[in-house]
Amino acid sequence: MSQQQIPVLFSEQEIAQRIATLSIEIAKDLPREFLIVSLLRGSFMFTSDLIRAMHRIGLAPQIDFMTLASYHAGTSSTGQVTIQRDITEDVSNKMVLIVDDILETGRTLHYAQNLLRERGARDLRIAVLLEKPGKRLSDVKADFVGFTVPDKFVVGYGLDYANHYRELPYIGALDIH
Ligand code: IMP
Ligand code: MG
């Protein structure tokens, strides 16, 4: 499918505006300094825009990255999550904001949240760019949500289909479900 055919769900401008507002929502809840744990690869673009929006309103986060993989048997997830690349920062006694691209079943974020809690994070919040309602299999809630999306497979702005479309500056819907 050529990129021109992917219908736009959220444009570049809509994303930028929402992220500016989201950073204000985060600033009301979090201290000036905290640690962001950004979950790769899907959240790299969101994280880079979010931290610049945070800077503009006076926040000063530290950043680290973690790559998690959840294994799928056919089309259904087995629910097993493993660490492919870990953070190098010590989270003990830190205020941590986990940043991810999309909250679907919640397994990835549930795993990340438990892991960082076990390592002694003082306080944890979760920010996601997108949330798909009605798909949750794990008990996890995002504190900050950019947009709620319909039950479609979405790509662009960091999100992929077989590692394609991450470079799109907008969020689009693939017509595969
Ligand atoms: P969860 O553990 O089911 O919540 O899975 C979340 C992960 O699945 C996200 O971090 C994405 O990498 C991926 N994912 C879920 N839905 C979509 C989608 O619509 N487009 C692209 N990736 C998705
Ligand atoms: Mg992901």
Side-chain angles (χ1 to χ4, degrees), residues 8-70 81 83-104 106-132 140-149 154-160 163-172:
V8 177
L9 266 184
F10 302 106
S11 68
E12 275 188 82
Q13 289 78 7
E14 286 172 301
I15 296 168
Q17 277 170 16
R18 184 65 192 111
I19 287 177
T21 310
L22 204 56
S23 66
I24 293 167
E25 291 170 20
I26 292 169
K28 284 182 184 152
D29 187 32
L30 271 75
R32 183 173 173 272
E33 293 185 14
F34 54 94
L35 174 67
I36 287 179
V37 174
S38 170
L39 303 185
L40 294 175
R41 288 170 275 182
S43 72
F44 75 95
M45 210 178 276
F46 175 43
T47 301
S48 69
D49 283 341
L50 183 65
I51 60 176
R52 284 177 286 184
M54 287 174 167
H55 166 76
R56 283 179 208 116
I57 58 167
L59 296 181
Q62 295 181 301
I63 324 284
D64 206 342
F65 297 93
M66 183 183 276
T67 309
L68 296 177
S70 54
V81 181
I83 303 173
Q84 289 192 330
R85 181 207 180 272
D86 207 342
I87 50 170
T88 53
E89 289 288 327
D90 179 8
V91 299
S92 56
N93 272 317
K94 283 197 182 143
M95 170 86 222
V96 176
L97 179 68
I98 303 173
V99 175
D100 204 3
D101 53 356
I102 182 165
L103 174 56
E104 191 176 21
R107 282 171 170 150
T108 310
L109 279 165
H110 183 78
Y111 179 90
Q113 192 178 38
N114 284 350
L115 181 77
L116 298 175
R117 222 177 249 150
E118 279 167 18
R119 289 180 181 175
R122 187 181 72 230
D123 212 348
L124 275 171
R125 297 285 188 279
I126 293 175
V128 292
L129 176 64
L130 306 172
E131 176 175 50
K132 271 189 208 173
V140 58
K141 270 201 182 131
D143 302 284
F144 309 99
V145 177
F147 302 100
T148 300
V149 292
V154 293
V155 295
Y157 198 73
L159 289 101
D160 74 305
N163 207 19
H164 288 288
Y165 308 115
R166 294 193 197 275
E167 74 284 7
L168 298 186
Y170 61 90
I171 296 163

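All of these numbers come straight from a predicted model, not from anything done at the bench.
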Heavy-atom donor-acceptor pair, S43 side chain to F46 backbone, under 3.5 Å
no
Could you tell me if the side chain of K94 sits less than 4.5 Å from the side chain of Q62, heavy atoms only? yes
| message | The test is side chain to side chain contact (heavy atoms under 4.5 Å, CB included); show your working for M66 and Q84 and say whether it passes. | response | CA-CA 8 Å; M66 183 183 276; Q84 289 192 330; over 6 Å; no
Exercise for the section: For the pair K28 (side chain) and I24 (backbone), establish whether a donor and an acceptor sit closer than 3.5 Å, ignoring hydrogens and angles. Expected result: no
One should read off an interatomic distance between K141 NZ and L109 CG, to the nearest 0.5 angstrom, of 14.0 Å
- Message: Just so I know, are the side chains of V96 and D123 near enough to count as touching, which here means a heavy-atom distance under 4.5 Å?
- Response: no
The reported gap from CG in D64 to CD1 in I87 (rounded to nearest 0.5 angstrom) is 5.5 Å
inquiry  = Can you confirm whether F44 sits close enough to L39 that some side-chain heavy atom of one is under 4.5 Å from a side-chain heavy atom of the other?
reply    = no
Go through the side-chain N and O atoms of Y157 and D101 and say whether any donor and acceptor fall under 3.5 Å apart. no
Check: Between R125 and M95, is there a donor-acceptor pair closer than 3.5 Å when you use the side chain of the first and the backbone of the second?
Finding: no
d(L168 CG, L159 CG) to nearest 0.5 Å is 10.0 Å
Rounded to the nearest 0.5 angstrom, the CG-CG distance for L68 and L40 is 9.0 Å
For the pair R166 (side chain) and G158 (backbone), establish whether a donor and an acceptor sit closer than 3.5 Å, ignoring hydrogens and angles.
-> yes
Would you say R107's side chain and S70's backbone share a donor-acceptor pair under 3.5 angstrom? no
Rounding to 0.5 Å, atoms CG (L50) and CD1 (I15) come to a distance of 12.5 Å
Which of L130, V155, V8, I102 passes side-chain contact (heavy atoms from CB on, under 4.5 Å) with I171? Answer is L130
Q: Give a yes or no answer on whether the side chain of R85 reaches the backbone of F65 with a donor-acceptor pair at less than 3.5 Å.
A: yes
Residues at least two apart in sequence or cross-chain that pass side-chain contact (heavy atoms from CB on, under 4.5 Å) with A53, listed by chain then number, are I19, S23, R56
request  = Apply side chain to side chain contact (heavy atoms under 4.5 Å, CB included) to V145 and E25, showing your working.
outcome  = CA-CA 10 Å; V145 177; E25 291 170 20; over 6 Å; no
_What I'd like to find out is whether the side chain of I126 reaches to under 4.5 Å of the side chain of V140, using heavy atoms alone._
yes
Check whether any side-chain heavy atom of M54 lies under 4.5 Å from a side-chain heavy atom of L97, and answer yes or no.
yes
Output for pair (I98 CD1, D143 CG), nearest 0.5 Å, gives 9.5 Å
By ring pair (Phe, Tyr, Trp, His ring centres under 6.0 Å), F147 pairs with (sequence neighbours left out) F10
Practice task
Go through R41 and D160 one step at a time and tell me if the salt bridge (Lys or Arg N to Asp or Glu O under 4.0 Å) criterion holds.
Solution key: CA-CA 9 Å; R41 288 170 275 182; D160 74 305; 6.0 Å; no
Any donor-acceptor pair under 3.5 Å linking the side chain of Q113 with the backbone of H110? no
Residue set satisfying side-chain hydrogen bond (donor to acceptor under 3.5 Å, both in side chains) with R119, at least two apart, ordered chain then number -> D86
**Prompt:** With a 4.5 Å limit on heavy-atom distance, are the side chains of I36 and I51 in contact?
**Reply:** yes
| request: Show your reasoning for whether side chain to side chain contact (heavy atoms under 4.5 Å, CB included) applies to R122 and F34. | output: CA-CA 10 Å; R122 187 181 72 230; F34 54 94; over 6 Å; no
| request: Kindly determine whether L116 and L124 satisfy side chain to side chain contact (heavy atoms under 4.5 Å, CB included), including the steps that lead there. | output: CA-CA 8 Å; L116 298 175; L124 275 171; 4.1 Å; yes
